[in-house]
Amino acid sequence: YNAVQEQIESERQKEKQLDSKIDDIYSELKGYDFKQQPSYLEGLTGFETRNEYSIGLTGTNYTWLAKETRGITTALLRNILGGLYPYTLEVYDHNRNLIFKLREKARLYFGRTDIYDSKGKHLGYIERKFSLLIRKVAIYNTRGKIIYYLTTKLTNPYLFTIFKNNRKVGEVTKKWSDHIREFITDADNFSIRFNRATDKNSKILYLGAAYLIDKTYFEGGDNQQTFGQVLGIPFLDSIYGRIILALLVFAFFYVFIDN
């Protein structure tokens with residue numbers, strides 16, 4: 001009995017030490033570099049494989065790991081049903097301790113991701129909102145109240161500004177480090193920036209928002225083959241950029257082809 005009690009107490013002490021260490025890291029954290037690991041098999045065959053991400057912690061020297069959990073059956077259903085079939089992303093620290101989980105729910109349009117800590121406590125959720133010309137995402141607390149909005153501008157569909165009470169508090173940006181790699185593999189990179197004084201729970205929710213943005217707006221090869229991405233000019237993929245391109249194409253045909 002005493003041995004069992006000592007083992008339980010030892011595990012509790014380890015959990016406390018881990019929680020304290022994670023709290024220390026989050027107190028210094030002021031951003032993430034969220035990078036999807038490339039899958040050339042997925043890029044060449046179109047068969048969706050399990051996504052994995054490296055998470056660089058800006059303001060610290062640590063890099064964490066995130067990976068989707070899915071077996072063979074789940075993988076097959078995911079490839080058949082696409083976004084209609086959900087799965088879970090697990091985030092591990094630099095010592096491979098589970099920190100929190102992101103659980104995607106089945107979706108048609110309004111994608112949703114719930115976030116839980118390593119003990120299963122619900123921390124909040126992120127949901128896509130309806131919008132016509134811009135991209136819009138909302139972050140909710142556990143009571144279902146919106147605490148943050150993330151929106152793009154008409155001129156840049158890849159920069160999501162984080163707002164709280166109409167005040168900018170951070171941003172999530174789609175990045176391209178290697179156009180050829182992304183074209184072939186469908187691997188996405190994101191930069192997430194916020195104030196270091198932001199509370200720990202919000203910093204976790206911001207990472208969940210980046211994951212939902214990736215799955216909702218950028219997952220799939222069709223989204224990787226745009227003028228803006230190939231040329232590195234986000235404006236070309238905005239509504240204004242597309243109108244200007246259409247006008248230029250029309251003018252070209254009108255001047256050089258018809259005449």
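Basis for what follows: all heavy atoms, side chains included, without hydrogens, waters or symmetry-related copies.
Neither I139 nor Y116 shares a network with the other; the hydrophobic side chains, linked directly or stepwise wherever heavy atoms of I, L, V, M, F, W or Y lie under 4.5 Å apart, form separate groups for each. Following chains of ILVMFWY side-chain contacts shorter than 4.5 Å, one cannot reach L98 starting from L65, and the two form parts of different hydrophobic clusters. Linking Ile, Leu, Val, Met, Phe, Trp and Tyr whenever their side-chain heavy atoms come within less than 4.5 Å leaves Y140 and L207 in two separate clusters. Linking Ile, Leu, Val, Met, Phe, Trp and Tyr whenever their side-chain heavy atoms come within less than 4.5 Å puts I147 and I204 in one cluster. Using a 4.5 Å cut-off between side-chain heavy atoms of Ile, Leu, Val, Met, Phe, Trp and Tyr, with links allowed through other members, V169 and V172 fall into the same hydrophobic cluster.
Atom NZ of K119 has more than 12 neighbouring heavy atoms from other residues, nucleotides or ligands inside a 6.0 Å radius. For D23, the CG atom sits in a packed shell: over 12 heavy atoms of surrounding residues, nucleotides or ligands are nearer than 6.0 Å.
Atom CZ of R128 sits about 4.0 Å away from atom OH of Y217, to the nearest 0.5 Å. The OG1 atom of T60 lies 11.5 Å from the CG atom of D24; values are rounded to the nearest 0.5 Å. Of the inter-residue distances, the one linking E52 atom CD with Q36 atom CD reads 10.0 Å to the nearest 0.5 angstrom. One distance of note links OH of Y149 with NZ of K129; it measures 5.5 Å at 0.5 Å rounding. Distance check: R135 CZ to I213 CD1 gives 9.5 Å after rounding to the nearest 0.5 Å. Here the straight-line distance linking atom OG1 of T88 with atom NZ of K101 works out to 7.0 Å at 0.5 Å rounding.
Put simply, the side chain of S20 never gets that close to the backbone of Q17: no donor and acceptor are under 3.5 Å apart. Side-chain N or O atoms of D93 include one that pairs as donor or acceptor with a backbone N or O of N95 at under 3.5 Å. Of the possible polar contacts, one joining the N141 side chain to the G144 backbone as a donor-acceptor pair under 3.5 Å is found. A donor-acceptor distance shorter than 3.5 angstrom exists from the side chain of K203 to the backbone of R196, with no hydrogens or angles considered.
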ring-ring contact (aromatic ring centres under 6.0 Å, His included) assessment of Y158 paired with F218 | CA-CA 10 Å; Y158 305 120; F218 301 106; 5.8 Å; yes

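Side-chain contact between I25 and H94 is present, with at least one heavy-atom pair separated by less than 4.5 Å. Put simply, the side chain of I162 does not reach to within 4.5 Å of the side chain of R167, judged on heavy atoms. Looking at N189 and D33, their side chains never come closer than 4.5 Å, going by heavy atoms from C-beta outward. When side chains are defined from C-beta on, F190 does not count as touching F160, because their heavy atoms never get closer than 4.5 Å. Looking only at side-chain heavy atoms (C-beta outward), S118 and I99 stay at 4.5 Å or farther from each other. Looking at K121 and T142, their side chains never come closer than 4.5 Å, going by heavy atoms from C-beta outward. L150 places none of its side-chain heavy atoms less than 4.5 Å from the side chain of Y206. Looking at I126 and I115, their side chains come closer than 4.5 Å, going by heavy atoms from C-beta outward.
In this model, a donor atom of one side chain and an acceptor atom of the other lie less than 3.5 Å apart for E68 and Y211. Between the side chains of E127 and Y125, not a single donor N or O lies within less than 3.5 Å of an accepting N or O.
For the ring-ring contact (aromatic ring centres under 6.0 Å, His included) test with F194, the passing option among Y26, Y32, F163 is Y32; the others fail.
Scanning both residues, A66 and V91, for their nearest heavy atoms gives CB-CG2, 4.0 Å. Between A210 and I192, the shortest heavy-atom distance links the atoms CB-CD1, 3.5 Å. Taking both residues in full, the closest heavy atoms of S54 and T63 are given as CB-CG2, 4.3 Å, listed atom of the first, atom of the second, then distance.
Judged as a side-chain hydrogen bond (donor to acceptor under 3.5 Å, both in side chains), and not counting sequence neighbours, the contacts of S202 are Y148, D199.
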